[in-house]
Each structure stands twice: as C-alpha cells, then as structure tokens.
Amino acid sequence: MYYVNRKQIETILDQIEEIGGGLSHVAEAWDGGYLKGLIQERCLHLAIEVVTDVGSCLIDGFIMRDAGSYEDIISIIHDEKVLGDSAVYGQLLELVALRKPLVQDYYAWDRSKLHPLTPALPGVLERFARDVRRYLDQELGVRTDG
C-alpha cells in the first residue's frame, strides 16, 4: 500500500497558475528592466521548487528509487511514466539545471535577459500538473472528494 499525500501534492500544484501567470506577464512585457528580471528569477525558482517538491512526493509515496539530485528527480518520474511527453521531460531537466545558478550563483545571474524557458514554461507546468493528476488517478483511482 502506498502513502501518497494527494492533498499536499494538489496544494503544491495549485501554485502553478500564479507562477505561470508571472512568467507569461514577464515574457509578454519584457523590457530588460531590473524588476522584471527579479520577477522572472523568482518565478523560475518557484517553478523548480514546485516540480521537485511534487516529484519528491511521488518518489516517496510510490516508493520509487532514491533520487541523488534534482535532475534525478525528473528522470525518475519520467522513467516511472508520470510524464507523458518527452519534450516536457527535456524542458523540466533544463529548468532544474537552473537551480544552482538561481540559488547559489544568484549574484552572477543576468537579470537583463529573458531566459528562453520563460515564455514556454507556463505551458510546460500546466502539462506537468495534468500528467501528475493523470498518474495519481491511474495509480490510486479517480478522486471523488474534490
């Protein structure tokens, strides 16, 4: 029997709408300004945390193999067929590779440039959320309590 905290996963996935909205806003209104650079940076960081937190919940709950890195979290959920699209897998790997530059090397991050993932990420995150919900329904049964 698996212990998967669907409520916790849903709470985390619920953040995607606002993060995606922030990324879309920044991409559409990009002017290279410092504030938009900070918004982009924070949204990218939050996107990484959402994806890796949900991935960790799935790995722990379904007793998948242990992850040794952020990239490994994405690889494991891909190998376990959580992700339905290889393109999403590749973009999520690219996203989590940004964690070190954003969190540890933040002083070197170029806030004057729109990162190539920024305009694509809202759709990627939405597909990620759909894939996770589909996987949970498949493995645990369709949730009927909202």
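Model, not experiment: these values are computed from the prediction.
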Peer 1: Report yes if the side chains of L98 and L117 come closer than 4.5 Å at any heavy-atom pair, otherwise no.
Peer 2: yes
Peer 1: Would you mind writing out the side-chain donor-acceptor pairs for residues 33-40 within the sub-3.5 Å range, not counting sequence neighbours?
Peer 2:
{"unit_1": "Q40", "atom_1": "OE1", "unit_2": "H115", "atom_2": "N", "d": "2.7"}
{"unit_1": "Q40", "atom_1": "OE1", "unit_2": "T118", "atom_2": "OG1", "d": "2.7"}
{"unit_1": "Q40", "atom_1": "NE2", "unit_2": "K113", "atom_2": "O", "d": "3.1"}

Peer 1: Listed by chain and number, what are the salt bridge (Lys or Arg N to Asp or Glu O under 4.0 Å) partners of R42, not counting sequence neighbours?
Peer 2: none
Peer 1: Taking the side chain as C-beta and beyond, is there a heavy-atom pair between V96 and I73 under 4.5 Å?
Peer 2: no
Peer 1: Test of understanding: with salt bridge (Lys or Arg N to Asp or Glu O under 4.0 Å), list the residues that count as partners of E10, not counting sequence neighbours.
Peer 2: R133
Peer 1: My understanding is that only residues two or more places apart in sequence, or in another chain, count here; which of them pass side chain to side chain donor-acceptor pair (under 3.5 Å) with R127?
Peer 2: none
Peer 1: Taking ring pair (Phe, Tyr, Trp, His ring centres under 6.0 Å) as the cut-off, I'd like each qualifying pair that reaches into residues 45-66, sequence neighbours left out, listed once.
Peer 2: Y2-F62, F62-Y135
Peer 1: I'd like to check the side chain to side chain donor-acceptor pair (under 3.5 Å) partners of T11; sequence neighbours left out, ordered by chain and number.
Peer 2: none
Peer 1: Would you give me the side-chain donor-acceptor pairs under 3.5 Å for residues 99-106, sequence neighbours excluded?
Peer 2:
{"unit_1": "R99", "atom_1": "NE", "unit_2": "E49", "atom_2": "OE2", "d": "2.9"}
{"unit_1": "R99", "atom_1": "NE", "unit_2": "Y70", "atom_2": "OH", "d": "3.4"}
{"unit_1": "R99", "atom_1": "NH2", "unit_2": "E49", "atom_2": "OE2", "d": "3.3"}
{"unit_1": "K100", "atom_1": "NZ", "unit_2": "D105", "atom_2": "OD2", "d": "3.3"}

Peer 1: Side-chain contact, heavy-atom cut-off 4.5 Å: L125 with V51?
Peer 2: yes
Peer 1: Less than 4.5 Å apart, any side-chain heavy atom of D137 and any of R134?
Peer 2: no
Peer 1: Could I get the full list of side chain to side chain contact (heavy atoms under 4.5 Å, CB included) partners for S24, not counting sequence neighbours?
Peer 2: E28, P122
Peer 1: Taking only residues at least two apart or on different chains, which pairs with a member in residues 51-60 satisfy side-chain hydrogen bond (donor to acceptor under 3.5 Å, both in side chains)?
Peer 2: none
Peer 1: Hey, can you pull the donor-acceptor pairs under 3.5 Å for the side chains in residues 76-95, sequence neighbours left out?
Peer 2:
{"unit_1": "D79", "atom_1": "OD2", "unit_2": "R65", "atom_2": "NH2", "d": "3.4"}
{"unit_1": "D85", "atom_1": "OD1", "unit_2": "A87", "atom_2": "N", "d": "2.8"}
{"unit_1": "Y89", "atom_1": "OH", "unit_2": "S75", "atom_2": "OG", "d": "3.1"}

Peer 1: Heavy atoms, side chains only, cut-off 4.5 Å: are W109 and L44 in contact?
Peer 2: yes
Peer 1: Go through the structure and list residues passing side chain to side chain donor-acceptor pair (under 3.5 Å) with E18, not counting sequence neighbours.
Peer 2: none
Peer 1: Using side chain to side chain contact (heavy atoms under 4.5 Å, CB included) as the criterion, list what pairs up with Q8, not counting sequence neighbours.
Peer 2: N5, I12, C57
